[in-house]
Peer 1: 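Encoded as structure tokens, here's the structure I'll be asking about.
So that the names make sense, note that chain A is the first sequence line, chain B the second, and so on, each numbered from 1.
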Protein chains: 2
Amino acid sequence: MQIRMTNQREMILQELQKSREHLTADELYQRIRKKMPRISLATVYRNLEILSEVGLIQKLEVSGRQKRFDWNTEEHDHIYCIHCHKVDNLKMDRDELGVKVPDTASGYKLTGYRLEFSGLCENCRKDKNTQES
Amino acid sequence: MQIRMTNQREMILQELQKSREHLTADELYQRIRKKMPRISLATVYRNLEILSEVGLIQKLEVSGRQKRFDWNTEEHDHIYCIHCHKVDNLKMDRDELGVKVPDTASGYKLTGYRLEFSGLCENCRKDKNTQES
DNA sequence: CTTAGTGCAAACTGTTTGCAGAGGG
DNA sequence: CCCTCTGCAAACAGTTTGCACTAAG
């Protein structure tokens, strides 16, 4: 199957890349809607799925109930804000992290890992100092 | 608020503990229903929530669309089967894993991490050998 | 008795799908 | 022109909630 670069598709890709964030389908939809009011949420979902299959973006498995998508297709890990639930890229290389992946464990043949640091992001740290929630 | 030990609550706790697995609310519901046919799924959800708040069980943040719950309340990591999506406890101590958590990163004040190995579980390894999916 | 907990149904959230029509290549 | 992609609405999966009744303490 060949994939066509439609306006919607391009917009989604652009908007995700320029955001530098890890948006959910709905967040992305809200932003794109301002420039392309007739786009539908279904289109956003369909394209995020397809773009991640093709390898132009990455679908994330992270904390929280909604799926998130990443413009950065290299292997890297994430940080999760326990207060506002946003997700950022961890700017550390995997070899700095020191995770030792055994070949097998508990009967599993291991193929990889997923590491997610958690903590308070810059904004939420400020909020916590001034007004205690 | 004080919590009452109702039959339903006790059953949920028991069934989860004896399963030694990381069940979803629905899986648990299906099992309990055999012994307690009038229990409702809503009750299972409500109790899993409450029991995890009280600290008798643990709510997991793991791969997959459904929430999973763990009878084991100690801090530990998980292994995820990329084929059948089941989740097992990792029988390794955190200090064996060698993860170095910096104090801060990308503006975040870090408080912890979540590590999930992924691979093929015993059953799925067998399946893969005989019949290629 | 009192008030937390239950079963049921209905609501809600996030995501997926069927379809007829539109528009990339 | 063809066939992938779109918008729309309706379906779906997982979870939560309002309510009147039940039962634990």
Peer 1: Rounded to whole angstroms, how far apart are CD on A:Gln66 and C1' on D:dG14?
Peer 2: 14 Å
Peer 1: When you group the ILVMFWY residues by side-chain heavy-atom contacts below 4.5 Å and let the links chain together, are B:Tyr113 and A:Val87 in the same group?
Peer 2: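 In one cluster with A:Val87: B:Tyr113, no.
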Peer 1: For C:dT15 and A:Tyr45 - does any side-chain N or O of the residue sit under 4.0 Å from the phosphate oxygens OP1/OP2?
Peer 2: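 So the side chain of A:Tyr45 is within the cut-off, an N or O lying under 4.0 Å from OP1 or OP2 of C:dT15.
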Peer 1: Would you say B:Gln8 reaches D:dA23's phosphate, i.e. side-chain N/O to OP1/OP2 under 4.0 Å?
Peer 2: no
Peer 1: Can a side chain N or O of B:Thr6 be found less than 4.0 Å away from OP1 or OP2 on C:dT6?
Peer 2: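 Yes, B:Thr6 has a side-chain N/O under 4.0 Å of OP1/OP2 on C:dT6.
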Peer 1: Which part of the nucleic acid, if any, lies within contact of A:Arg4, taking any heavy atom under 4.0 Å across all strands shown: a base, the sugar-phosphate backbone alone, or nothing?
Peer 2: base
Peer 1: Measure CG/B:Asn47 against C1'/D:dT15 and give the value in whole Å, please.
Peer 2: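 Value for this atom pair: 15 Å.
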Peer 1: When the distance from CE of B:Met11 to C1' of C:dG7 is rounded to whole Å, what number comes out?
Peer 2: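 Spelled out: CE on B:Met11 to C1' on C:dG7 is 18 Å.
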Peer 1: Considering heavy-atom distances to DNA chain D, does B:Arg65 or A:Arg65 have its closest nucleotide positioned more toward the 5' end?
Peer 2: B:Arg65
Peer 1: Can B:Glu49 and B:Lys59 be counted as an ion pair, charged N to O under 4.0 angstrom?
Peer 2: yes
Peer 1: Just to be sure I understand the rule, does B:Ile39 reach a base, reach only the sugar-phosphate, or reach nothing, if contact means heavy atoms closer than 4.0 Å?
Peer 2: sugar-phosphate
Peer 1: Please give, in whole Å, the distance from C:dT3 P to B:Gln2 CD?
Peer 2: 11 Å
Peer 1: Of the nucleotides C:dG5, C:dG7, D:dC5, which one has an atom closest to the side chain of B:Thr43?
Peer 2: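 Selected nucleotide: C:dG7.
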Peer 1: Any sub-3.5 Å donor-acceptor pair from A:Asn72's side-chain atoms to A:Glu74's backbone N or O?
Peer 2: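 Indeed, once roles are kept as given, a pair shorter than 3.5 Å links the two residues.
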Peer 1: Using a strict threshold of under 4.0 Å (side-chain N to carboxylate O), is an ion pair present between A:Arg31 and A:Glu21?
Peer 2: yes
Peer 1: Could you please name the option among D:dT6, C:dC8, D:dT15 that lies closest to any side-chain atom of B:Arg38?
Peer 2: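 The answer is C:dC8.
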Peer 1: Could you state the atom-to-atom distance from CZ of B:Arg33 to P of C:dG7 in whole Å?
Peer 2: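 Interatomic distance, CZ of B:Arg33 to P of C:dG7: 12 Å.
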Peer 1: What integer distance in Å separates B:Leu23:CG from D:dG14:P?
Peer 2: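 Going from CG in B:Leu23 over to P in D:dG14 covers 15 Å.
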Peer 1: Between A:Lys67 and C:dT13, is there a side-chain N or O to OP1/OP2 distance below 4.0 Å?
Peer 2: no
Peer 1: By nearest heavy atom, map B:Arg9 and A:Met5 onto DNA chain C; which one lands nearer the 5' end?
Peer 2: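 The residue whose closest nucleotide sits nearer the 5' end is B:Arg9.
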Peer 1: With a 4.5 Å heavy-atom cut-off, do A:Met11 and A:Asn7 have their side chains touching?
Peer 2: no
Peer 1: Given atom CG of B:Leu41 and atom P of D:dA13, what is their separation to the nearest angstrom?
Peer 2: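 The distance from CG of B:Leu41 to P of D:dA13 comes to 13 Å, rounded to the nearest Å.
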Peer 1: Within the structure shown, what part of the strands sits under 4.0 Å from A:Asp26 by heavy-atom distance: base, sugar-phosphate, or nothing?
Peer 2: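 Contact class for A:Asp26: none.
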Peer 1: Which whole-number value in Å describes the distance from A:Glu49 CD to D:dT6 P?
Peer 2: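 About 14 Å, once rounded to whole Å.
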Peer 1: Taking only the side-chain heavy atoms of A:Arg46 (C-beta and beyond), determine which of D:dG18, C:dT15, C:dT17 contains the nearest atom.
Peer 2: C:dT17
